[in-house]
Chemist: 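First, the structure itself, so that you have it in front of you.
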Amino acid sequence: MSQKPGNAPSKTNGHTHTDQQETAPLFNVHSIYLKDSSFEAPHSPQIFNEEWKPKIDFDLQTGSQVLSELEAIHEVVLRVTVTAKLGEEGAEKAAFLIEIQQAGVFTVRNLAEEALKQVLATTCPTVLFPYARETISNLATRGGFPQLVLPPINFDAMYEHHMATQVAKMQEEGITTV
């Protein structure tokens, strides 16, 4: 039973090339899609007569779920809510409200648990955010409002801040980390 020369696994440092591929960290984007979207302009068309000096409120949340543990496939959802309000403080009217869920399916394999959490909370949302920005801008302009361009988001800094907050909270409660 002989193998053909081109089919033999290559060896490097005592490991076959196939072994290295199976244990090397892997990140792959399978699909990116708009999971949900909503646009409301509750005070139109009257709102179009007001001077366009909006106060923009922006909320961002991320979440993930395992789709296949065996294949290390995860869905990550970026939830973005943008509200534009016009008028004086206390007498503001909502010009529009946009809510979207931009999602993606990713393979993330061969990472330690903490590294996996970080990739799902930073790298995946970083991939999704440009799509969310474009969708929000398109919804605003299709609703008759000026283009809205959201600023870039540093998900790594957000994650580090979240982790530091969690550690401080645990220390405050007297819980020690190992």
Side-chain angles (χ1 to χ4, degrees), residues 27-69 72-108 114-173:
F27 178 82
N28 191 22
V29 179
H30 292 278
S31 61
I32 295 173
Y33 52 96
L34 183 62
K35 190 167 185 161
D36 189 20
S37 69
S38 171
F39 174 85
E40 298 174 27
H43 295 94
S44 62
Q46 295 81 6
I47 200 79
F48 297 122
N49 293 329
E50 298 202 20
E51 185 178 4
W52 186 249
K53 289 186 179 178
K55 176 185 173 216
I56 304 293
D57 291 327
F58 177 72
D59 183 50
L60 181 94
Q61 298 175 6
T62 61
S64 65
Q65 68 173 333
V66 177
L67 298 179
S68 170
E69 219 166 295
I73 297 176
H74 304 264
E75 179 192 50
V76 175
V77 179
L78 185 63
R79 292 172 186 83
V80 184
T81 302
V82 178
T83 307
K85 297 178 183 176
L86 296 178
E88 299 298 318
E89 187 92 23
E92 297 172 326
K93 290 183 195 174
F96 65 78
L97 170 67
I98 297 173
E99 297 173 311
I100 70 160
Q101 291 184 20
Q102 187 70 51
V105 176
F106 304 89
T107 295
V108 185
E114 284 303 312
L116 173 63
K117 286 179 185 177
Q118 186 171 2
V119 166
L120 294 175
T122 61
T123 305
C124 296
T126 299
V127 170
L128 297 173
F129 190 68
Y131 296 92
R133 287 178 68 190
E134 178 185 20
T135 299
I136 289 166
S137 180
N138 285 340
L139 286 170
T141 55
R142 287 178 182 255
F145 296 95
Q147 182 181 26
L148 175 67
V149 179
L150 297 176
I153 302 289
N154 184 338
F155 288 97
D156 290 313
M158 286 177 59
Y159 182 78
E160 288 174 18
H161 176 72
H162 172 75
M163 294 308 291
T165 302
Q166 293 296 334
V167 168
K169 185 177 179 181
M170 287 172 64
Q171 289 174 344
E172 202 174 273
E173 294 173 357

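Just so it is clear, the model here is predicted, and its values are computed rather than measured.
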Chemist: Flag the pair Glu50 / Lys93 as yes when at least one side-chain heavy-atom distance between them is below 4.5 Å, and no otherwise.
Modeler: yes
Chemist: Under a 3.5 Å distance rule, please check whether His43 uses its side chain to pair with a backbone N or O of Ala95 as donor and acceptor.
Modeler: no
Chemist: Is there a side-chain contact between Met158 and Leu60 (heavy atoms, below 4.5 Å)?
Modeler: yes
Chemist: Should the pair Phe58 and Phe129 be assigned to parallel (<30°), tilted (30 to 60°) or perpendicular (>60°) ring geometry?
Modeler: perpendicular
Chemist: Would you check if Leu116 and His74 make a side-chain contact, meaning some heavy-atom pair closer than 4.5 Å?
Modeler: yes
Chemist: Around His161, counting heavy atoms of other residues, nucleotides and ligands shown, do more than 12 lie under 6.0 Å from its NE2?
Modeler: no
Chemist: Rounded to the nearest 0.5 Å, what separates atom NZ in Lys55 from atom CD in Glu89?
Modeler: 5.5 Å
Chemist: For the atom pair CD (Glu40) and CG (Leu97), what is the distance rounded to the nearest 0.5 Å?
Modeler: 5.0 Å
Chemist: Starting at CD1 of Ile100, measure out to CD of Glu134 and round the result to the nearest 0.5 Å.
Modeler: 10.0 Å
Chemist: For Val80 and Gln102: C-alpha separation, side-chain torsions, deciding distance, then whether side-chain contact (heavy atoms from CB on, under 4.5 Å) applies.
Modeler: CA-CA 8 Å; Val80 184; Gln102 187 70 51; over 6 Å; no
Chemist: Could you report the tightest heavy-atom contact between Pro42 and Ala94, atom names first, then the distance?
Modeler: CG-O, 3.8 Å
Chemist: Where the side chain of Thr135 meets the backbone of Tyr131, is there a donor-acceptor pair that is under 3.5 Å apart?
Modeler: yes
Chemist: Could you check if a side-chain atom of Glu75 sits within less than 4.5 angstrom of a side-chain atom of Lys35, using non-hydrogen atoms only?
Modeler: yes
Chemist: Can you give me the closest heavy-atom contact between Gln147 and Ser137, atom names plus distance?
Modeler: CG-OG, 3.1 Å
Chemist: Rounded at 0.5 Å granularity, tell me how far CZ in Phe145 sits from CG in Leu139.
Modeler: 12.0 Å
Chemist: With the side chain counted from C-beta on, respond yes when Lys117 and Ser64 share a heavy-atom pair under 4.5 Å apart, and no when they do not.
Modeler: no
Chemist: Compare every heavy atom of Ala140 with every heavy atom of Phe96, then report the nearest pair and how far apart it is.
Modeler: CZ-CB, 4.2 Å
Chemist: Take Val127 and Val76, measure what side-chain contact (heavy atoms from CB on, under 4.5 Å) needs, and give me the verdict at the end.
Modeler: CA-CA 10 Å; Val127 170; Val76 175; over 6 Å; no
Chemist: One pair to check against side-chain contact (heavy atoms from CB on, under 4.5 Å): Phe106 and Thr123. What are the steps and the verdict?
Modeler: CA-CA 10 Å; Phe106 304 89; Thr123 305; over 6 Å; no
Chemist: Starting at CG of Leu148, measure out to OG1 of Thr141 and round the result to the nearest 0.5 Å.
Modeler: 9.5 Å
Chemist: Where do Thr126 and Phe155 come nearest, in terms of heavy atoms and distance?
Modeler: OG1-CD1, 3.5 Å
Chemist: Check the surroundings of atom CD in Glu69: do more than 12 heavy atoms from other residues, nucleotides or ligands lie under 6.0 Å from it?
Modeler: no
Chemist: For the residue pair Ala121 and Tyr159, what are the closest heavy atoms and their distance?
Modeler: CB-CD1, 3.5 Å
Chemist: Could you grab the distance from atom CD1 of Ile136 to atom CD of Glu99, nearest 0.5 Å is fine?
Modeler: 10.5 Å
Chemist: Treating Gln61 as the side-chain partner and Leu78 as the backbone partner, does any N or O pair qualify as donor plus acceptor under 3.5 Å?
Modeler: no
Chemist: Do Cys124 and Phe27 have side chains that approach each other closer than 4.5 Å (heavy atoms only, starting at C-beta)?
Modeler: yes
Chemist: Is the shortest side-chain heavy-atom distance between Thr62 and Leu128 below 4.5 Å?
Modeler: no
Chemist: Do Thr81 and Arg79 have side chains that get closer than 4.5 Å, going by heavy atoms?
Modeler: no
